[in-house]
Amino acid sequence: MEEKGKGKGGERWSGAIANLSEMNSNLDSLQKLLLKKAVFVDDDTFTKASLTSEQARTIKVLEQRVETLERELDAAISAAARARSEKRQAEASQKAVELRAQEVTRELENTTKVFQLHMEELRAKQEEISKRDSEIKVLEAIIQTLGGKE
C-alpha cells in the first residue's frame, strides 16, 4: 500500500514539476516578447497618453450618441410630416363633410318649400271641392224643391 501511495504522490509531484517547467518556459517567452515589443515611457507621457485614450473613448461614445440622436430626430421629423399630412387629410375630409351637410340642408329646405307649395295647392283644391260640394247641395235642394212643385 505504501508503494501505491508513493506512486500516486510521485505522479503528482512529477505533474506539478512539469507544470512549473511549462510555466517557466511561458514566462520566458512572454518576457522576450515584451523586451522586443514593449515601449517604456515616463509617467508624464503615460498620463498624457492615458488622458488622450480616455478622451478618444469619450469622443467615440459621444459620436455614437450623436448618431443615435440623429436617427431619433429623423424619425421624429418623419412622424411630424406624417402627422401634418394626416391633419391635412382630416381637414379636407371635414371640409367635404361640411359641404355635404350644407348641400343636404339646402335639399331639405327646398323639399320643405315644395311640400309647403303642394300643401297650399291641396288646401286650395280642397276649398274648391268644398265650395263646389256646397253648390251641388244647393243645386240638389233647388232641384228637389222644383221637382216637388210639379
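Worth knowing before you read on, the calculation uses all heavy atoms, side chains too, and leaves out hydrogens, waters and symmetry mates.
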Sequence neighbours excluded, every pair satisfying salt bridge (Lys or Arg N to Asp or Glu O under 4.0 Å) that has a member inside residues 124-133
E128-R132

Measuring from atom [atom1] of [X] to atom [atom2] of [Y], what distance do you get when rounded to the nearest 0.5 angstrom?
X	Y	atom1	atom2	answer
E103	E98	CD	CD	14.0 Å
T111	Q116	OG1	CD	11.0 Å
Q126	M119	CD	CE	9.0 Å
R88	E86	CZ	CD	10.5 Å

Quick one: does S85's side chain have a donor or acceptor within less than 3.5 Å of a partner on A81's backbone?
no

Could you check if a side-chain atom of [X] sits within less than 4.5 angstrom of a side-chain atom of [Y], using non-hydrogen atoms only?
X	Y	result
V61	R65	no
I136	E140	yes
L51	T47	no

Per the side-chain hydrogen bond (donor to acceptor under 3.5 Å, both in side chains) rule, what does the pair list look like for residues 52-64, sequence neighbours excluded?
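Output for this query lists S53-R57, E54-R57.
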
Sequence neighbours excluded, every pair satisfying side-chain hydrogen bond (donor to acceptor under 3.5 Å, both in side chains) that has a member inside residues 69-78
T68-R71

Evaluate L117 against E121 for side-chain contact (heavy atoms from CB on, under 4.5 Å), listing each step before the verdict.
CA-CA 6 Å; L117 290 173; E121 191 176 325; over 6 Å; no

Can you list, by chain and residue number, the hydrophobic cluster partners of I77 when the side-chain cut-off is 4.5 Å?
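Cluster partners of I77: L73.
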
Test question: given the 4.5 Å side-chain rule for I, L, V, M, F, W and Y, name all other residues clustered with L108, or answer none.
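Traced through the cluster, L108 reaches V104.
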
If you count heavy atoms of other groups shown closer than 6.0 angstrom to CD of E91, is the number above 12?
yes

Quick one: side chain to side chain contact (heavy atoms under 4.5 Å, CB included) partners of Q102, sequence neighbours excluded?
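Per chain and number, Q102 pairs via side chain to side chain contact (heavy atoms under 4.5 Å, CB included) with L99, R106.
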
